[in-house]
Chemist: 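Have a look at this one before I ask anything.
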Amino acid sequence: YRGYIDNRLVRLDKIKDVAIGAVGPITYPQNIFFLRLSVYFKKPFSIGLRIHSEKRIDKISKLIGLFKQQDIQTEDKDIDSAFIIQGKYEQKVKVLLSSEKLKKELLSFVSNKPRMLTVEGKLEIIDKRIILTEGPYDDSGNYDVEKDPSGVVTKVLKLALLFEEAGKNI
């Protein structure tokens with residue numbers, strides 16, 4: 001799918017891949033796919049923004065001092081513990097993430113774990129777009145972006161709007 005919803009470009013890509021399946025000692029290639037929903041901002045932020053969910057291994061690496069990636073701290077413990085936040089212009093990223101409405105919606109999104117089909121997705125926000133990648137799936141399921149039966153597209157569009165409103169301050 002590629003179209004405009006609320007004056008924003010929305011894409012749904014089906015990404016095919018191959019995984020190795022096994023039955024006892026016998027392995028075989030197995031076709032899998034991922035769904036990637038992208039909602040583009042009307043105007044890119046151009047601050048080198050990258051926000052993604054903090055994984056358990058990231059938390060452990062931080063505790064033992066092995067985490068070497070940039071992780072901007074926003075002074076909001078819930079946001080800082082839920083996400084790895086990166087950007088070329090740290091102060092602009094902090095200003096962007098200072099919106100209480102945006103922070104509330106981001107935390108609600110990750111805690112409610114909206115999904116298109118059945119597998120929990122991975123959220124990533126970059127300068128140009130919000131990306132939700134879901135899978136792997138072993139069959140050829142599909143999602144109707146325009147009908148949006150699970151409401152996930154609506155939720156990502158709301159996040160995009162809140163990011164754009166907050167971005168007026170940078």
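Just so you know, residue 1 is the first one in the sequence shown, and it goes up from there.
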Chemist: Are Leu49 and Tyr40 linked, directly or through intermediate hydrophobic residues, by side-chain heavy-atom contacts shorter than 4.5 Å (ILVMFWY only)?
Modeler: no
Chemist: Treat each ILVMFWY residue as a node, draw an edge where side-chain heavy atoms are under 4.5 Å apart, and state whether Ile126 and Leu123 are in one component.
Modeler: no
Chemist: Kindly compute the distance separating NZ (Lys122) from CD (Glu120), expressed to the nearest 0.5 Å.
Modeler: 8.0 Å
Chemist: What heavy-atom pair brings Pro136 and Ile32 nearest, and what distance separates the two atoms?
Modeler: CB-CD1, 3.8 Å
Chemist: Would you confirm whether Glu134, through its side chain, and Met116, through its main-chain N or O, come within 3.5 Å as a donor-acceptor pair?
Modeler: yes
Chemist: Has the side chain of Ser38 got a donor or acceptor atom that lies under 3.5 Å from a matching backbone atom of Arg11?
Modeler: no
Chemist: Please find the pair of heavy atoms, one from Arg115 and one from Ser150, that lie closest to each other, and give the distance.
Modeler: O-OG, 2.9 Å
Chemist: Report whether Val153 and Leu12 are members of the same hydrophobic cluster (ILVMFWY, side-chain heavy atoms less than 4.5 Å apart, transitive linking).
Modeler: yes
Chemist: Can you tell me if Asp76 uses its side chain to pair, donor with acceptor, with the backbone of Asp80 under 3.5 Å?
Modeler: no
Chemist: Any ion pair linking Lys104 and Glu100 (charged N to carboxylate O, less than 4.0 Å)?
Modeler: no
Chemist: Could you tell me the separation between the OG atom of Ser46 and the NZ atom of Lys128, rounded to the nearest 0.5 Å?
Modeler: 9.0 Å
Chemist: Using 0.5 Å steps for rounding, measure from the CD1 atom of Ile79 to the NZ atom of Lys103.
Modeler: 7.0 Å
Chemist: Counting distance only, does the side-chain N/O of Gln30 pair as donor-acceptor with the main-chain N or O of Asp138 below 3.5 Å?
Modeler: no
Chemist: Closest approach of Lys42 and Asn7, non-hydrogen atoms and distance?
Modeler: CE-O, 3.8 Å
Chemist: Could you state whether Tyr1 and Leu132 fall into the same hydrophobic cluster, counting links through intermediate Ile, Leu, Val, Met, Phe, Trp or Tyr residues with side-chain heavy atoms under 4.5 angstrom apart?
Modeler: yes
Chemist: Starting from the C-alpha separation in whole Å, work towards a yes-or-no answer on side chain to side chain contact (heavy atoms under 4.5 Å, CB included) for Ile5 and Asp148.
Modeler: CA-CA 11 Å; Ile5 301 174; Asp148 192 23; over 6 Å; no
Chemist: Quick test of your reading: applying ring-ring contact (aromatic ring centres under 6.0 Å, His included), list the pairs with at least one residue in residues 109-166, sequence neighbours left out, ordered by first then second residue.
Modeler: Phe33-Tyr137, Phe41-Phe163
Chemist: Where the side chain of Glu105 meets the backbone of Leu162, is there a donor-acceptor pair that is under 3.5 Å apart?
Modeler: no
Chemist: If hydrophobic clusters are built by linking Ile, Leu, Val, Met, Phe, Trp and Tyr wherever their side-chain heavy atoms come under 4.5 Å apart, do Val119 and Leu35 end up in the same one?
Modeler: yes
Chemist: Return the CG to CD1 distance between Asp127 and Ile47, rounded to the nearest 0.5 Å.
Modeler: 6.0 Å
Chemist: Check whether any side-chain heavy atom of Gln86 sits under 4.5 Å from a side-chain heavy atom of His52, and report yes or no.
Modeler: yes
Chemist: For Lys14, does the NZ atom have more than 12 heavy-atom neighbours from other residues, nucleotides or ligands under 6.0 Å away?
Modeler: yes
Chemist: Applying side chain to side chain contact (heavy atoms under 4.5 Å, CB included), can you list everything that pairs with Thr133, at least two apart in sequence or on another chain?
Modeler: Phe34, Arg36, Ile131
Chemist: Between Asp6 and Arg8, is there a salt bridge with N-O shorter than 4.0 Å?
Modeler: no
Chemist: Within a radius of less than 6.0 Å around OH of Tyr4, do more than 12 heavy atoms belonging to other residues, nucleotides or ligands occur?
Modeler: no
Chemist: Which value, rounded to the nearest 0.5 Å, describes the distance between Leu102 atom CG and Leu107 atom CG?
Modeler: 9.5 Å
Chemist: Identify the two heavy atoms, one from Pro149 and one from Asp144, that lie closest to each other, and give their separation to 0.1 Å.
Modeler: CD-O, 3.6 Å
Chemist: Would you say that Leu97 contacts Ile51 through its side chain, given a criterion of any heavy-atom pair below 4.5 Å between the two side chains?
Modeler: yes
Chemist: Do Leu106 and Ile125 have side-chain heavy atoms sitting under 4.5 Å apart?
Modeler: yes
Chemist: Determine whether Phe83 and Val110 make a side-chain contact, defined as any pair of heavy atoms from C-beta on separated by less than 4.5 Å.
Modeler: yes
Chemist: Taking all atoms of both residues into account, what is the closest heavy-atom pair of Lys94 and Gln73, and its distance?
Modeler: CE-O, 3.1 Å
Chemist: Which heavy-atom pair separates Gly87 from Val93 by the least distance, and what is that distance?
Modeler: CA-CG2, 3.9 Å
